[in-house]
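So the structure is just underneath, and the comments pick up after that.
Labels below follow one simple rule: chain letters A, B, ... track the order of the sequence lines, proteins then strands, and each chain is numbered from 1.
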Amino acid sequence: MIDLSILRNQPDLIKDAIRRRGVDIDVDALVSLDADVRRARQNAEETRAEQKESGKAIAGLQGDEKQAAIEAAAALSEQFKEQSAAADALQQRFDAIWIDVPNLVDPSAADGFTDADNVEIKRVGDIVTRNITRDHAELGALLDVIDTERGAKVSGARFGYLKGKAVLLEFALVRYALDRLTEAGFTPMVPPVLVKEDALFGTGFFPDAREQVYAVPEDELFLVGTAEVPLAAYHMDEIFEAGELPKRYVGFSTCFRREAGTYGKDTAGIFRVHQFDKVEMFVFTEPELSVEEHDRLLAYEESIVRGLDVPYRVVNVAAGDLGAPAAKKYDIEAWFPGQQAYREITSCSNTTDFQARRLKVRQRTESGNRVIHTLNGTAVAVGRTILTILENHQQPDGSVVIPEALRPYTGFESIEP
RNA sequence: GGAGAGAUGGCCGAGUGGUCGAAGGCGCUCGCCUGCUAAGCGAGUAGGGGGUUAUUAGCCUCCUCGAGGGUUCAAAUCCCUCUCUCUCCGCCA
C-alpha cells in the first residue's frame, strides 16, 4: 500500500506508476472517492462528539431533566449510526480499489511489460565453454539423483524426489549461503511456512497473487511461496527505536507454489515445481538507505552465484513484470546449457514502504513515527541452483564436478553416473 | 483432543456501566537540586485516522483497554463469537 497523501497531493505519480505497469485503475475516481470518505467521516465524527458531550451531562441530572437529556442523546446516537454506516460504505468502496493499487515504480526500473523487456545490466562468465548440453532432467536420470516419475506417482505433476548426492548438494548450498550471509551480519532464521492471511496481505501477495498460494482452509492458514512472507511479518505491528535498523535476516524455508497458469511451461524435470527450498534475505531499513541496500543485496547474490562458477547475467526487471509490492527488481539469470538460455535463479526487490505500511512496521524518530522500507532477495533458490550446477559442470561422461566453493560442504568432488 | 486460568499503555499492575485513554509503580526523557554516573524534587512519556494551521510546532476531533459483533443516552467494565497465551491430562516429531 502506498502513502495516502500521495493520492491526495500527487496523484500523477500513481497514474504514472500504473501506466508503466500496464495496470488499469481509475485514479481520478479514487481521488474523489477519498474526498467523499473524509467528508462523510467528518460528519459522523461531529455528531459523535456532540452525542458524547450530551451523554456526559446525563450522569449529573435527575428526573424529567434527565429523561429529556436521554432522549436527546438517543436521537444523536441514531443519527451517528446512520452517518457512520454511510461513511463505512464509502470506505469499503475506496478500500476495495485501493488495496489493488501497486507500489510506485522506481524511475530507474526498466520500461516494458513482460520479461522480454527486461534490460540486461551485466553478463558474467563464458557460455561458449559450456558446450555439453544435456539438460538437468537427463542428467538427473543418468546420475540417479532426480526422480520425477515417482514424484508424479506420489504427488502429481510438478513434484520430484531429490535423491543421493543431490540431497547432500542441497544442504551444502544451504549452508554455503548461510555462512556467507551470517558472516555479513545477517541473522539466520527458520520461519514458519504456514501463515495467516494477514501476513500475505501485509506482504502484498494477497490479493494480487492469491491464485498462486496453497490454502489450508480447515485451519485458515496458507503455505508460503517464499520465506519473504514470514520474515517480513516477523516485525508486523512493531515500532523500531532509533539505531535499531537495519535488521538483516536470512531465512531458510520450503516454498510452495501452485504455479497456476503455467501449464505447458517448463515441464521437463524439476525446473518449475510446486515445492522447493530457498534461502532468502530480508531487510528492514531506513527509507533513505533502501536504494543502497538494494545494491548491497544484489552484490551478495552475485558473490554467492560467482562462487558456483556458473555463467550468469543480471537484469533490471521491466516495470510491467514487477510484482505489486516491488518498486524495482533485479533478477540474476543463470546459464542453463540444456536449455541454451539464461533463466531466473534469484530475484531481489526493493519494496520501499509498500509492505511496511501494510504490516505497520515503523520507526520512532524525533519528528514522529514513520513507515520504514523493506527489501528481499534470494540467497539461493536451492532447486534451480542444483540444476544449473548439474548442467554447467557436467562432463562428457555425464558426471558432474562440484564447484570448489561447495566441496567443504559436500565432502565430495563429483557426482558419478 | 479434554479440563482450567488469563489477555489493560515500553514493562508491572489497578479498575464490574457515567468526566477512564485509563490510578499507582517501574523504566525512559527533560529540568532542578545535591561536591562527585546514589538518593531527592518537578514536568513529560501509547498508537492510528480526520480537520485546522506555515505540511515537520500548536489546536480541535474520532477510533483503539487481544479481535469482531451486540445491549445502552453512555462499556476496559454487561452479553455473544473468535483468536492467542499459560497450567494439567492425552497424543506425538
Side-chain angles (χ1 to χ4, degrees), chain A residues 1-11 13 30-95 98-99 190-202 215-222 230 233-245 252-254 286-288 353 355-372:
Chain A
M1 203 175 317
I2 59 183
D3 189 344
L4 252 185
S5 70
I6 293 176
L7 179 71
R8 289 166 189 168
N9 303 323
Q10 301 165 282
L13 288 182
L30 264 179
V31 170
S32 74
L33 199 46
D34 172 57
D36 293 345
V37 170
R38 280 187 286 171
R39 203 175 304 117
R41 188 66 62 195
Q42 187 73 12
N43 283 339
E45 283 185 6
E46 279 167 12
T47 304
R48 178 71 163 158
E50 214 180 318
Q51 183 212 336
K52 287 177 76 166
E53 199 52 45
S54 67
K56 280 180 183 173
I58 290 172
L61 299 175
Q62 297 292 331
D64 287 349
E65 232 180 337
K66 181 164 189 169
Q67 206 47 48
I70 285 178
E71 278 165 30
L76 284 171
S77 171
E78 200 53 43
Q79 190 185 345
F80 168 72
K81 276 178 189 156
E82 284 170 21
Q83 292 176 330
S84 182
D88 288 348
L90 285 166
Q91 184 75 58
Q92 269 182 22
R93 281 175 56 197
F94 177 82
D95 288 346
W98 188 237
I99 194 74
V190 177
V193 295
L194 281 164
V195 299
K196 298 191 245 182
E197 199 169 33
D198 286 351
L200 286 155
F201 266 108
V216 185
E218 182 73 18
D219 298 287
E220 292 181 47
L221 291 170
F222 300 85
Y234 185 65
H235 287 300
M236 179 163 59
D237 294 324
E238 294 182 17
I239 302 175
F240 289 107
E241 299 299 333
E244 286 187 310
L245 296 174
F252 167 85
S253 85
T254 300
E286 298 190 43
E288 297 75 21
D353 60 4
Q355 294 180 329
R357 179 167 293 103
R358 291 189 182 213
L359 291 166
K360 298 188 176 64
V361 187
R362 291 148 298 169
Q363 176 186 39
R364 212 183 300 280
T365 70
E366 287 180 0
S367 53
N369 298 338
R370 62 173 182 172
V371 175
I372 63 166

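- In this structure the side chain of A/Glu286 reaches within 4.5 angstrom of the side chain of A/Arg370, judged on heavy atoms.
- With both ends at atom P, the span from B/rC59 to B/rU45 equals 11 Å, rounded to whole Å.
- A/Arg38 has its side chain within reach of A/Arg8: a pair of non-hydrogen atoms, C-beta onward, lies under 4.5 Å apart.
- The interatomic distance linking A/Leu7 (CG) with B/rG49 (C1') rounds to 15 Å, in whole Å.
- Checking the phosphate oxygens (OP1, OP2) of B/rG47, no side-chain nitrogen or oxygen of A/Arg362 falls inside 4.0 Å.
- The same atom, P, is picked in B/rG27 and in B/rG21; the two are 28 Å apart, to the nearest Å.
- Sequence neighbours left out, the pairs with a member in residues 48-58 of chain A that pass side chain to side chain donor-acceptor pair (under 3.5 Å) are A/Arg48-A/Gln51.
- If you take CD1 of A/Ile239 and C1' of B/rG47, they are 6 Å apart, rounded to a whole angstrom.
- In A/Glu288, the CD atom is crowded: over 12 heavy atoms of neighbouring residues, nucleotides or ligands sit closer than 6.0 Å.
- The interatomic distance linking A/Asp34 (CG) with B/rG49 (C1') rounds to 12 Å, in whole Å.
- B/rA14 and B/rG9 have their P atoms separated by 13 Å, with the value rounded to a whole Å.
- Comparing B/rA93 with B/rC79, their C1' atoms sit 42 Å apart, to the nearest whole Å.
- Nucleotides B/rU71 and B/rG58 place their C1' atoms 40 Å apart, quoted to the nearest Å.
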Report summary line: A correct 5'-to-3' footprint of nucleotides 59-77 of chain B, with B, S and - meaning base, sugar-phosphate only and no protein heavy atom under 4.0 Å, is --SSS---------BS---
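- For the pair A/Leu359 and A/His235, the minimum side-chain heavy-atom distance is 4.5 Å or more.
- Between the CZ atom of A/Phe94 and the P atom of B/rG49 there is a distance of 13 Å, rounded to whole Å.
- Inter-residue side-chain proximity for A/Leu4 and A/Trp98 is flagged as met; some heavy-atom pair is nearer than 4.5 Å.
- For the pair A/Lys360 NZ and B/rG49 C1', the interatomic distance rounds to 11 Å; values are reported in whole Å.
- Straight-line distance between the P atoms of B/rA75 and B/rG18: roughly 11 Å, to the nearest whole Å.
- Nucleic acid contact for A/Arg8: sugar-phosphate only, since backbone atoms but no base atoms lie under 4.0 Å from a heavy atom of the residue.
- In this structure B/rU83 sits in a base pair with B/rA7, meeting the Watson-Crick or G-U test at under 3.5 Å.
- Under the Watson-Crick or G-U wobble criterion, with both distances below 3.5 Å, B/rG44 is paired with B/rC28.
- Side-chain contact check for A/Arg358 versus A/Ile99: some heavy-atom pair is nearer than 4.5 Å.
- The partner of B/rG21 cannot be assigned: no Watson-Crick or G-U wobble pair with both contacts below 3.5 Å exists in any strand.
- Atom pair A/Asp88:CG and B/rG49:C1' shows a separation of 13 Å (rounding to whole Å applied).
- By the 6.0 Å contact criterion, CD on A/Glu197 is enclosed, its count of non-hydrogen atoms from other residues, nucleotides or ligands being greater than 12.
- Within the 4.0 angstrom heavy-atom criterion, no nucleotide atom of any strand lies near A/Asn9.
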Report each atom pair, protein N/O against N/O of nucleotides 81-85 of chain B, whose distance is under 3.5 angstrom.
none

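- Nucleotides B/rA7 and B/rG13, compared at atom P, are 10 Å apart to the nearest Å.
- As a whole-Å value, the separation of A/Asn369 CG from B/rU45 C1' is 13 Å.
- The separation of B/rC20 from B/rC26, taken at their P atoms, amounts to 23 Å, rounded to a whole angstrom.
- Paired with A/Arg41 under the rule side chain to side chain contact (heavy atoms under 4.5 Å, CB included), one option of A/Asp88, A/Asp36, A/Leu90 passes, and it is A/Asp88.
- Within a 6.0 Å sphere centred on NZ of A/Lys196, heavy atoms belonging to other residues, nucleotides or ligands number 12 at most.
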